[in-house]
Every structure is written in structure tokens, then in C-alpha cells.
Amino acid sequence: MTKIAVAKGDGIGPELMDAVLTIFKAADVPLEYEFVEMGKWVFDKGYSNGMTPAAQETIESLGILFKGPMETPKGKGVKSVNVTARKTWNTYANKRTFQTLHGVDTVFSKAGIPIDITIVRENIEDTYGGIEHMLTHDVALGRRFITRPGSMQLIKYAFEMAKKEGAKRITCGHKSNIMKMTDGLFLEVFYKVAKEYPELNADDVIVDDLCMKLVSRPDLFDVVVLTNLQGDIVSDLCAGLVGGLGFAPSANIGDHICIFEAVHGTAPDIAGKNIANPTALLLSGFGMLRHLGLMEKSAMIENALLYTLESGVHTGDFGDRSTPSLNTTEFATAIINNFGKLPIHHPKPAIPNHYVTPTHFMLNKNPMLESKEMENEEIIGVDMFIESNEQPQIIADKCLKHTLDIFKLVNISNRGTQVWPKGSVFTNLVNQYHIRFESIGEIPVTQIEILELYKRMIQDYKVCSTELLNTWDGKKTYSLSQGQ
Ligand code: NAI
């Protein structure tokens, strides 16, 4: 019997987990459960990462975590235990499947437009590094990391999974028209990997256009790959297309540890009332059973679920409001009572051998050593972010005194908008400026020379942060300023 770790979570988590495990028990699913302490209530007991050391050890030794949602206080305070778990165990891919379910009425089901979309979201990087600073009292800065090895790991998983599951199309959602370095890198890796999969139709869409297309023709999409934050938003959008968060499952895939959970949160508004919809957690459970090779059990329960939904049985959050809704426990019992039945209307009844175990592979080298350092890497300048309430021309005059015959002042911007040498009188200024210095003639400079410039600048300003300006083989590796 396979043993897995189970964390019931906070809010509606325990009642949903109980319902799903009752269904598994009734189906004789050959799993043993080790319940672990994880969630908001564990933070409250004084464990700063939201889990006890014993829970961590159990999850790391068993490799599979089936979890309920966990609460994260908004704004200031503790970090999300969900994000911590994904990062600690390097579950780099978040796979979320969204499909039309008969009995779950949506605009699209009523229009006869079937949906079967899988979102593969990068799960570690991006703004989820949570590296943020207040640069001045008025200005907060967040860093966004997109790495070549991280993108490679995720995108290879997505292509391999798409191929094994018989997908036809794989689409990269991105915003590389604006974020040329970060999303540009992600897109570059996507097309590099795509060359190895000629059988898949690989294309890309700008993320805002993707959202518009998803809400107008969702049936045209198959597998969609996205960076972390964009993937988070787009997957909730897709949940809306198929009837809401009650129908959105997810799998966090890593090479050693996988976490299966619903997309939704702890639903504090309905917690403790035994009325939440267990379908998303149950669908996540099917992903886990298939991952563990328990195809027949998964298909049997899935067909019972599909039959139950088709027959009009529903919890309070969906379905025909003119018929009474079942509570969580009654809904689970209804599914159990339908074991052995097959859906009539669903286009794809679950077939045990239809599914494949999610791709589980290791890169054959340290993925963090994807690129060799470039030989011709030079520093040709520096960006300084300074605090100031002065007008741009006054700042420029002071900066120009400090350039040491080595640097030239290229540009000053405020909130990313150029304010010197040219600017617009309509620009509203905040008290933080971005000053770009490049070397005269763009010849290489040393960090000591940068330090000399820094020492001079701090006579006039508080320098909040700096970034070196590099070239690789003569090519600038930073976004250009307006007019540059
Ligand atoms: P939420 O998903 O908990 O709730 C949003 C709305 O959907 C609420 O009206 C809720 O009643 C409803 N809902 C959610 N799941 C449902 C279900 N199974 N059946 C019926 N209705 C359902 O999102 P919210 O309110 O933004 O977050 C609440 C807490 O959950 C926060 O602390 C958040 O950080 C946490 N959260 C945890 C996640 C996880 O553990 N993976 C994911 C998302 C949020």
C-alpha cells in the first residue's frame, strides 16, 4: 500500500478533505495516509514556515502531499505556506486542468462550446521570490526573476506532458513586447524547446490578448504555458470558464516531491458550514491517483463524479438553483452511490488507460548551470536609483558634476518615464529617480570606477539601489531607456 502525506489545511480544507478521503475509502483506494501539521494554525503555534519539522520530514520521505487550502494573511505578516511549500520542494510546474463538466452550467456549456484546457504555470520564480523593498516612503520596488534554467525545466515539462497526453497545440502566454528581458527570455526558451517537438503546434500569444481569446474562443486552446504571476491570473480566469473555483484542480510537480491541491483557497465565508464543493479537491485527487498509477480507481470515481454532476446533483455554489443543494457530506455520498455508473453526456468518460503518469524527469546536469559565463562580458555603466524631491534638471546638473570624464549621463526617468534630457510637463513625479550612466564611447569600466561614481553621487543623494550595465559580446543586456 502506498503511503502519502495529507494536510487538511485551514477553513473549508478539513471538511473537503474528509469528504474526498471518505470517497477514496469507499472505493478501496489502496493508499495509507499520514496526516501532517501544516497551515495557518501551525504558524499560530509558533512555526514560522507554517509546518512542523515532523511534517516536513514526513513529506520529504513520502514524496507526495495531498493538501487542503491554507490561509495566508493579506499584506504584512507571515509568508504564504503554500508558496513556501512549492519553493522548498522545488515543485517547478503547476499543472491546472479545466474542462467542461455536464451539469455545471456555464456560458460556454450552454453555447455548446467544449473546454479542455491545461495551464502549465511556472511555480518558483517571477515576483513570487517576494523580494521587495520600500526605496523611499513613497516607492516600493519588487524584483522579478525569470531564469533560463528555471524556464527550461518548466517548459520541458510542459512539452513532454503535452506530447504524452496527446495535445495538439501548445501556446506560450507572455508579455515580451513590454518585458523584453524577462518574458523575452521565457519566450526564447519556449521556442528553443519547441524545436524538439515538431509534432506539437507551438505558438505564442501576448497575455492580454490570450485573456480576450480565452473568454471568446476557449475551445481553440489546448496546453498554455505561462510565467508564475500571469499563470496564476490566467488559471483563475480559466476556472471561471468552467464554472468557478469549485472545479479547478492543480498539481505542483517537482522531480522529488509533488503536491496535489485545489486551486481555491480556504473560503472563510463558508468555512465550518459543511456546504463547500469538494469537486476541485476530488479532481486534484484524480491527478494524484493517476500520478501513482492508480488509473482504474481514478477512472471509476471520476465516472461516478461525472454521472453525479450530469444527474443535476449539486452543492450550493453551482447548478440549478430551483432544486435543493446538497451539503458537502451528502454530495460525497451521492458520488459513492454512483460508483460503477458511466456518464452519458460527457464527451470523454474516464478510461483507465487513457491517462498517463505526469512526466517526471530529471535534467541530466545541474539545471542551474545551464549557461556558461560569457567570455566577452563587460561592464559599461550603472543604473542608480536615488531618492530626491528635486526637479529633473536640478538632478541632472548635479549628476553631470560627478561623471569623472569616464561616464556620460544618458537618461533620468521617474516611474519608468523619461524626464531628462527630454520629458513631458504632464508627467507626475514621485521622489525616486532612475539615473543611467554609461561610459563615454561605451568602453569597458571597472567596478572601482563605478564605486568612485557612487561615492560622488552619495555626496548629493541617498542611492537606494544600483544595477550594473553589462554587455555580452558587445550586446547590451539591459532594457534601453526611451530614446536610447
Ligand atoms: P477563496 O478561493 O478561498 O474564495 C473565493 C470565493 O470562492 C469565496 O466566495 C468562496 O466561498 C468561494 N469558494 C472557494 N472554494 C470553494 C468551494 N470549494 N466551494 C464553494 N465555494 C468556494 O479565495 P480568497 O477568499 O481570496 O482566499 C481565502 C484564503 O485562502 C486566503 O488566506 C488565501 O491566501 C488562501 N488561499 C489559499 C490557497 C491554497 O492553499 N492553495 C489558494 C488561494 C487562496
Side-chain angles (χ1 to χ4, degrees), residues 5-20 23 36 38-44 49-51 55 59 65-89 91 94-96 98 101 104 119 121 123 128 130 228-229 231-240 242-253 258-285 287-288 305 309 313-319 321 325-332 335:
V6 176
K8 290 191 176 184
D10 304 309
I12 55 172
E15 47 205 275
L16 295 184
M17 189 59 82
D18 287 345
V20 170
I23 295 169
V36 296
M38 209 176 157
K40 164 78 167 49
W41 59 281
V42 183
F43 274 120
D44 297 343
N49 61 354
M51 63 184 112
I59 294 159
L65 172 64
F66 191 30
K67 76 176 268 296
M70 293 174 187
E71 183 186 331
T72 309
K74 292 199 176 84
K76 292 191 173 58
V78 292
K79 290 219 175 206
S80 158
V81 64
N82 304 303
V83 176
T84 303
R86 290 171 200 162
K87 284 170 160 286
T88 305
W89 296 313
T91 59
N94 188 267
K95 180 189 176 202
R96 297 174 168 187
F98 304 96
L101 296 163
V104 183
I119 302 284
R121 162 191 169 195
N123 218 16
Y128 286 68
N228 203 342
L229 180 60
D232 194 13
I233 297 164
V234 170
S235 53
D236 267 30
L237 181 152
C238 290
V242 296
L245 286 171
F247 304 95
S250 95
N252 299 282
I253 306 287
C258 295
I259 306 169
F260 297 88
E261 61 179 338
V263 171
H264 63 69
T266 58
D269 49 337
I270 55 168
K273 295 183 180 160
N274 192 34
I275 56 169
N277 178 0
T279 307
L281 188 62
L282 186 58
L283 293 170
S284 312
M288 180 178 70
L305 167 72
L309 293 172
V313 167
H314 63 95
T315 48
D317 56 311
F318 75 101
R321 302 289 144 114
S325 57
L326 300 191
N327 68 27
T328 310
T329 319
E330 292 163 343
F331 189 74
I335 295 169

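Bear in mind the structure is a predicted one, so any value in this text is a computation, not a measurement. Every number for a ligand or one of its atoms is a count from 1 in the order of the listing.
Taken from CE in M70 to CG in N82, the straight-line distance is 6.5 Å, to the nearest 0.5 Å. Between the CG atom of L16 and the NE2 atom of H264 there is a distance of 5.0 Å, given to the nearest 0.5 Å. With rounding to the nearest 0.5 Å, the separation of CZ in F98 from OG in S235 is 5.0 Å. Interatomic distance, CG of L281 versus CD of E15, reported as 11.5 Å (0.5 Å rounding).
Assignment of K67 to the shell around ligand 1 is supported, since a heavy atom sits closer than 4.0 Å. Heavy atoms of V263 come nearer than 4.0 angstrom to ligand 1 in at least one pair.
Compare L281, L245, D236, V81 by their heavy atoms: the one nearest to atom 5 (C) of ligand 1 is in L245. Distances from atom 33 (C) of ligand 1 to the heavy atoms of I259, L16, T72 show the closest one on T72. For atom 4 (O) of ligand 1, the nearest non-hydrogen atom from the set A239, A85, A267, A280 comes from A267. Comparing heavy-atom distances from atom 11 (O) of ligand 1 across I12, D269, T266 singles out D269 as nearest. When the heavy atoms of G39, G265, G316 are ranked by distance to atom 1 (P) of ligand 1, first place goes to G265.
Heavy-atom proximity to P268, at under 4.0 Å, picks out these atoms of ligand 1: 28 (C). Below 4.0 Å from some heavy atom of P69 lie the following atoms of ligand 1, by number and element: 39 (C), 40 (O). Residue E71 approaches ligand 1 through these ligand atoms, each under 4.0 Å from one of its heavy atoms: 32 (O). For ligand 1, the atoms closer than 4.0 angstrom to any heavy atom of A276 are 19 (N). Which parts of ligand 1 touch I270 is read off a 4.0 Å heavy-atom cut-off, strictly below it: atoms 11 (O), 20 (C), 21 (N). Set against the non-hydrogen atoms of E261, the atoms of ligand 1 under 4.0 Å away are 41 (N).
Contact annotation: the side chain of L309 approaches that of F331 to within less than 4.5 Å [non-hydrogen atoms, C-beta and beyond]. N228 is listed as a side-chain neighbour of R121, based on a closest heavy-atom distance under 4.5 Å. Proximity of V36 to M51: side-chain heavy atoms (C-beta onward) are nowhere separated by under 4.5 Å. The side-chain heavy atoms of D232 and Y128, taken from C-beta on, include a pair separated by under 4.5 Å. Taking the side chain as every heavy atom from C-beta outward, V313 and L326 approach each other to under 4.5 Å.
If you look at N277 next to ligand 1, the close heavy atoms, those under 4.0 Å, come from the backbone and the side chain alike. With a heavy-atom cut-off of 4.0 Å, P278 does not touch ligand 1 at all.
Closest heavy-atom contact between G246 and T279: O-CB, 3.4 Å.
Between N82 and ligand 1, at least one pair of N/O atoms sits closer than 3.5 Å. In terms of polar-atom proximity, M70 is counted as a contact of ligand 1, with an N or O under 3.5 Å from an N or O of the ligand.
In summary, of the residues considered (T329, I270, T315), a side chain to side chain contact (heavy atoms under 4.5 Å, CB included) with I275 occurs for I270 alone.
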